[in-house]
Novice: 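Sharing a structure, written as structure tokens. Questions coming.
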Amino acid sequence: MQRFMITGGNRLSGTVKVSGSKNATLPIMAASLLLDGKCTIRGVPRLRDVAVMRELLIYLGASVVWEKDVMHIDTQGVGYQDVSEELMRRMRASNLVLGPLISRYKYARISYPGGCDIGSRPMNFHLKGLQTMGVSIKEKFGYITAEAKKLKGSEIYLDMPSVGATENLIMAAVLAKGTTVIRNAAREPEIVDLQNFLNCLGAQVKGAGTDTIKITGVNGLNGAEYTVIPDRIEAGTHMVAAAITRGDVLVTNVIPEHLEPVINKLREAGVYVEVKDDQVRVAMDKKPLAVDIKTMPYPGFPTDMQPQFMAFMTLAEGTSVISETIFENRYKHVMEFRRMGADIRLEGHTAVVRGVPGLSGACVEATDLRAGAALVLAAMAGENGTVLDQVEHIDRGYERLENKYNALGARIIRVHS
Ligand code: EPU
């Protein structure tokens with residue numbers, strides 16, 4: 001187990017560069033399975049989740065060479081399609097191999113990824129969409145077996161714009177016969193990135209970024225090189241880090257358009273935000289105003305920024321109402337914030353956060369990835385020292401977060417125990 005010892009009270013200042021997007025890299029790596037050949041992905045962040053996806057591709061027979069932020073994948077050796085329970089359990093996003101495997105091999109067997117700390121996270125939309133394309137699905141003993149003679153282009157309507165279901169169905173449709181139309185598709189920038197990667201390989205995908213995506217099946221794909229987009233959630237986390245510590249930070253390698261809901265909410269809270277090309281400067285010198293947040297699918301306020309924004313609101317002037325509409329159980333950080341002196345009341349899917357004058361250090365636990373990042377922010381803004389356990393969760397989605405913040409003036413020590 002690893003922990004952070006965080007000494008609070010320092011303003012962050014300086015420049016921090018955002019790494020490549022985790023949630024764009026994972027589906028792109030999975031999509032490489034559609035190819036019988038080689039591709040190179042640049043801007044790959046050095047994260048635990050990416051390492052798990054690499055292991056999964058190797059398990060399936062691919063060769064994956066990962067040097068710094070460049071990954072070379074050769075899928076010519078892929079042939080084994082049963083995915084072990086151990087790999088599926090380590091990361092929910094392992095389920096993204098289902099679409100490409102069924103598309104390429106007409107057969108796939110994966111263990112059910114199960115629930116996780118933020119909710120039960122079923123796969124019913126993924127499976128229903130595949131069935132519409134002619135795939136037979138059997139669920140038994142925690143395994144999903146998908147089989148088809150051929151995948152046929154179809155009209156699919158998603159009951160809700162699920163990111164993972166949209167990605168899996170796009171990938172399944174790439175090598176299908178005919179045209180697939182996905183309606184009420186998720187519109188996240190990571191889906192646009194997946195479309196762009198697939199089209200570089202020779203796929204025909206149109207409409208990502210809107211709620212209707214059209215995929216015309218092709219017979220095969222070619223190798224290509226691709227650079228993933230910067231991570232909008234990492235960028236948003238740094239922006240809140242600057243604001244909560246009353247600092248002044250230039251966040252570079254960002255696509256500001258992807259951060260509009262976060263930028264708007266920060267401005268509403270009284271934070272100075274200056275946007276220039278691929279950089280955002282965030283400065284704050286006073287107590288924030290309380291603002292309300294409701295998480296929504298993109299382009300709404302991202303659920304992956306809810307815990308970090310809640311950390312910020314614990315120190316606001318007034319009361320903020322935060323509603324989580326995407327995940328059923330994404331409030332585990334509330335208990336941890338309370339240990340630090342926050343005043344938060346939970347009413348179903350709503351958290352009522354009454355701003356307090358200050359947070360104090362405490363022994364807390366990173367219950368999941370974004371909760372962990374939010375606790376780092378709260379601890380940096382708090383008084384005294386905080387011990388944050390289970391920081392392995394943070395390493396799933398942030399590249400050495402402590403190094404980035406220490407370079408801006410924070411005091412965070414990683415301890416291995
Ligand atoms: N859902 C269903 N049935 C399905 C699929 C989803 O009920 O078949 C529900 C989920 O249980 C959840 C909601 O729909 O309540 C949204 O789930 P979605 O499928 O959109 O999420 P995901 O694809 O599992 C991705 C990100 C998450 C991010 C969500 C929402 C990746 C690898 N993961 O998950 O990222 O929170 O979209 O934006 O892209 C994170 O990075 O910390 C993270 C959790």
Side-chain angles (χ1 to χ4, degrees), residues 19-31 45 47-50 52-53 56 88 90-99 110 112-132 137 139 144 156-172 182 184-194 211 228-229 231-237 258 261-262 295-308 324-333 349 366-374 393-398 401:
S19 307
S21 162
K22 164 176 87 75
N23 290 347
T25 300
L26 295 173
I28 285 175
M29 287 173 72
L47 302 173
R48 279 188 52 204
D49 275 8
V50 175
V52 174
M53 186 59 94
L56 182 44
M88 288 300 297
R90 275 167 58 193
M91 181 180 65
R92 160 96 199 160
S94 303
N95 68 8
L96 290 171
V97 299
L98 181 61
I110 65 168
Y112 212 85
C116 73
D117 280 336
I118 57 177
S120 63
R121 304 179 78 178
M123 282 186 69
N124 52 326
F125 304 147
H126 304 232
L127 302 182
K128 196 170 140 197
L130 289 177
Q131 281 167 327
T132 311
I137 302 283
E139 293 175 83
I144 299 167
I156 298 171
Y157 175 83
L158 292 178
D159 291 338
M160 112 167 236
S162 151
V163 174
T166 304
E167 291 167 344
N168 247 333
L169 295 170
I170 292 175
M171 294 188 279
I182 307 173
N184 198 27
R187 295 157 63 186
E188 270 68 2
E190 293 75 21
I191 298 197
V192 179
D193 219 31
L194 175 63
D211 61 6
V228 294
I229 51 170
D231 196 305
R232 66 193 165 100
I233 305 301
E234 185 198 335
T237 305
H258 295 170
V262 178
T295 63
M296 298 288 275
Y298 189 86
F301 190 89
T303 172
D304 293 344
M305 282 300 301
Q306 179 260 105
Q308 301 89 313
E324 173 59 56
T325 74
I326 308 293
F327 289 111
E328 61 196 15
N329 189 23
R330 204 170 204 174
Y331 278 137
K332 291 230 167 130
H333 42 283
H349 292 287
T367 49
D368 64 75
L369 163 59
R370 306 302 171 188
H393 281 298
I394 300 176
D395 298 333
R396 289 184 36 221
Y398 296 89
L401 192 61

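Order of listing sets the numbers, starting from 1, for every ligand and every atom in it.
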Novice: Can you name the atoms of ligand 1, numbered from 1 with element, that are less than 4.0 Å from a heavy atom of Ile326?
Specialist: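 Reading through ligand 1 atom by atom, the close ones are 12 (C), 13 (C), 15 (O), 16 (C).
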Novice: Is there side-chain contact between Gln306 and Ile326, with heavy atoms separated by less than 4.5 Å?
Specialist: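 Not touching, per the 4.5 Å side-chain cut-off.
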Novice: Considering the heavy atoms of Leu369, write down every atom of ligand 1 situated less than 4.0 Å from one of them.
Specialist: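 Answer for ligand 1: 42 (O).
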Novice: Return the set of residues passing side chain to side chain contact (heavy atoms under 4.5 Å, CB included) with Pro161 (not counting sequence neighbours), or none when no residue passes.
Specialist: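 Here the qualifying residues are Asn184, Ala186, Pro297.
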Novice: Does ligand 1 have a heavy atom under 4.0 Å from the side chain of Asp304, from its backbone, from both, or from neither?
Specialist: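 Side chain only.
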Novice: Tell me whether Arg330 reaches ligand 1 (any heavy atom closer than 4.0 angstrom to a ligand atom).
Specialist: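 In this structure, Arg330 qualifies as a contact of ligand 1 - some heavy atom is under 4.0 Å.
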Novice: Below 4.5 Å, heavy atoms only, C-beta onward: do Pro45 and Tyr398 meet side chain to side chain?
Specialist: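 SC-SC contact between Pro45 and Tyr398 ruled out.
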Novice: Counting from 1, what ligand 1 atoms have a heavy atom of Lys22 closer than 4.0 Å?
Specialist: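 Near Lys22, the atoms of ligand 1 are 40 (C), 41 (O).
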Novice: I want to check something: taking the side chain as every heavy atom from C-beta on, are Arg232 and Ser21 in contact at a cut-off of under 4.5 Å?
Specialist: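 With C-beta onward as the side chain, the pair stays apart.
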Novice: Which of the numbered atoms in ligand 1 are under 4.0 angstrom from any heavy atom belonging to Met160?
Specialist: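 Heavy-atom distances to Met160 below 4.0 Å select 13 (C), 14 (O), 16 (C).
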Novice: Residues in side-chain hydrogen bond (donor to acceptor under 3.5 Å, both in side chains) with Asn23, at least two apart?
Specialist: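 Result, side-chain hydrogen bond (donor to acceptor under 3.5 Å, both in side chains) vs Asn23: none returned.
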Novice: Check contact between Pro122 and ligand 1, using heavy atoms of the residue and a distance below 4.0 angstrom.
Specialist: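 In this structure, Pro122 qualifies as a contact of ligand 1 - some heavy atom is under 4.0 Å.
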Novice: With a cut-off of 4.0 Å, which atoms of ligand 1 are near a heavy atom of Gly164?
Specialist: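 In order of numbering, the contacting atoms are 19 (O), 23 (O).
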Novice: If we only consider heavy atoms of Met123, is any one of them less than 4.0 Å away from an atom in ligand 1?
Specialist: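 Met123: in contact with ligand 1 (<4.0 Å).
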Novice: Within ligand 1, which atoms have a heavy atom of Phe327 less than 4.0 Å away?
Specialist: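 Reading through ligand 1 atom by atom, the close ones are 12 (C), 15 (O), 29 (C), 36 (O).
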Novice: Decide yes or no on salt bridge (charged side-chain N to carboxylate O under 4.0 Å, His left out) for Arg396 and Asp49, but give the supporting numbers first.
Specialist: CA-CA 5 Å; Arg396 289 184 36 221; Asp49 275 8; 3.0 Å; yes
Novice: Going by the order shown, which atoms of ligand 1 are within less than 4.0 Å of some heavy atom of Ala93?
Specialist: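 Near Ala93, meaning under 4.0 Å from one of its heavy atoms, ligand 1 has 32 (C).
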Novice: When you look for heavy atoms under 4.0 Å from ligand 1, do you find them on the side chain of Arg396, its backbone, both, or neither?
Specialist: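 Neither; nothing of Arg396 gets under 4.0 Å from ligand 1.
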Novice: At a non-hydrogen distance cut-off of under 4.0 Å, which region of Glu167 contacts ligand 1 (side chain, backbone, both, or neither)?
Specialist: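 It is neither part, as no heavy atom is under 4.0 Å.
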Novice: Below a 4.0 angstrom heavy-atom separation, can you tell me which part of Asn124, side chain or backbone, both or neither, approaches ligand 1?
Specialist: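 Under 4.0 Å from ligand 1, Asn124 contributes backbone and side-chain atoms.
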